[in-house]
Amino acid sequence: SIAQVETPTPVMPASLLWFSPPNNPSLQGAWVLGAEQNTGPYILRVKLAARARILPHTHPDERNSTVLSGTLYVGFGETFEESKLVAIPAGGLYVAPANIPHYIWAKDGEVMYQEAGVGPTATVPAKR
């Protein structure tokens, strides 16, 4: 039989534990569901300060990213090239295929987006 759940259990924004990588304080992330090292589905919320960049990197799994606020600029390749950026407005989604280098820029102002995938996962800087 299927277990009965009496009420939904929301994950509220105030309960998120935000962190920044040591080399990029203008980037903050919080695991909404799951965690980087866990097996199974995860959701990672990301906040970028205005003008923040995430240099070319890859993930071992496919990630689906939904822009929650602001406009996110994304490009694919091992080198950050402004001419290759695509603007993704709030409500838009893009897919970063597994092991494909990509880069991100909050060109116009602060951006918040949410990534979903299946872990374990990681973020690996592209070879430069």
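Numbering of residues begins at 1 and proceeds along the displayed sequence.
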Cluster link Leu27 to Trp18, ILVMFWY, side chain under 4.5 Å: no

Over all heavy atoms of both residues, which pair between Thr123 and Pro125 is shortest? Give the atoms and the distance, please. O-CD, 4.0 Å

Taking only residues two or more places apart in sequence, or in another chain, which ones meet Thr58 in a side chain to side chain donor-acceptor pair (under 3.5 Å)? none

Can you check whether Thr39 reaches Pro120 side chain to side chain, under 4.5 Å on heavy atoms? yes

Decide yes or no for Val11 and Leu16: does some side-chain heavy atom of the first lie under 4.5 Å from some side-chain heavy atom of the second? yes

Assigning hydrophobic clusters by single linkage (Ile, Leu, Val, Met, Phe, Trp, Tyr; side-chain heavy-atom cutoff under 4.5 Å), is Val46 placed with Ile104? yes

Go through the side-chain N and O atoms of Tyr73 and Arg53 and say whether any donor and acceptor fall under 3.5 Å apart. no

Membership question, hydrophobic clusters at under 4.5 Å side-chain separation (ILVMFWY): are Val124 and Val118 in the same one? no

Any residue meeting salt bridge (charged side-chain N to carboxylate O under 4.0 Å, His left out) with Lys47, in chain and number order, not counting sequence neighbours: none

With clusters defined by side-chain heavy atoms of hydrophobic residues (ILVMFWY) lying less than 4.5 Å apart, directly or transitively, does Leu68 cluster with Leu44? no

Listed by chain and number, what are the ring-ring contact (aromatic ring centres under 6.0 Å, His included) partners of Tyr94, not counting sequence neighbours? none

I need the minimum non-hydrogen distance between Val67 and Tyr113, along with the two atoms involved. CA-CB, 3.9 Å

Rounded to the nearest 0.5 Å, how far does OG1 of Thr71 lie from CD of Glu110? 12.5 Å

Plane angle bin for His102 and His59 - parallel if under 30°, tilted between 30 and 60°, otherwise perpendicular: tilted

Looking at Arg51 and Lys107, what are the two nearest heavy atoms and their distance? NH1-O, 3.0 Å

Could you tell me the separation between the OH atom of Tyr42 and the CG atom of Leu33, rounded to the nearest 0.5 Å? 12.0 Å

Plane angle bin for Phe80 and Tyr103 - parallel if under 30°, tilted between 30 and 60°, otherwise perpendicular: tilted

Which atom pair, heavy atoms only, marks the closest approach of Ala106 to Leu48? CB-CB, 3.9 Å

With heavy-atom distances below 4.5 Å as the criterion, would you say the side chains of Leu55 and Asn24 are in contact? no

In this structure, would Ile54 and Val74 fall into the same cluster of hydrophobic residues linked by side-chain contacts under 4.5 Å? yes

Point-to-point distance, once rounded to the nearest 0.5 Å, from CD1 of Ile100 to CD of Glu62: 10.5 Å

Atom pair CG/CD of Leu93 and Gln114 - distance to nearest 0.5 Å: 10.5 Å

Closest heavy-atom contact between Thr121 and Trp31? CG2-CH2, 4.0 Å

Heavy-atom pair of closest approach, residues Pro25 and Ser20: O-OG, 3.8 Å

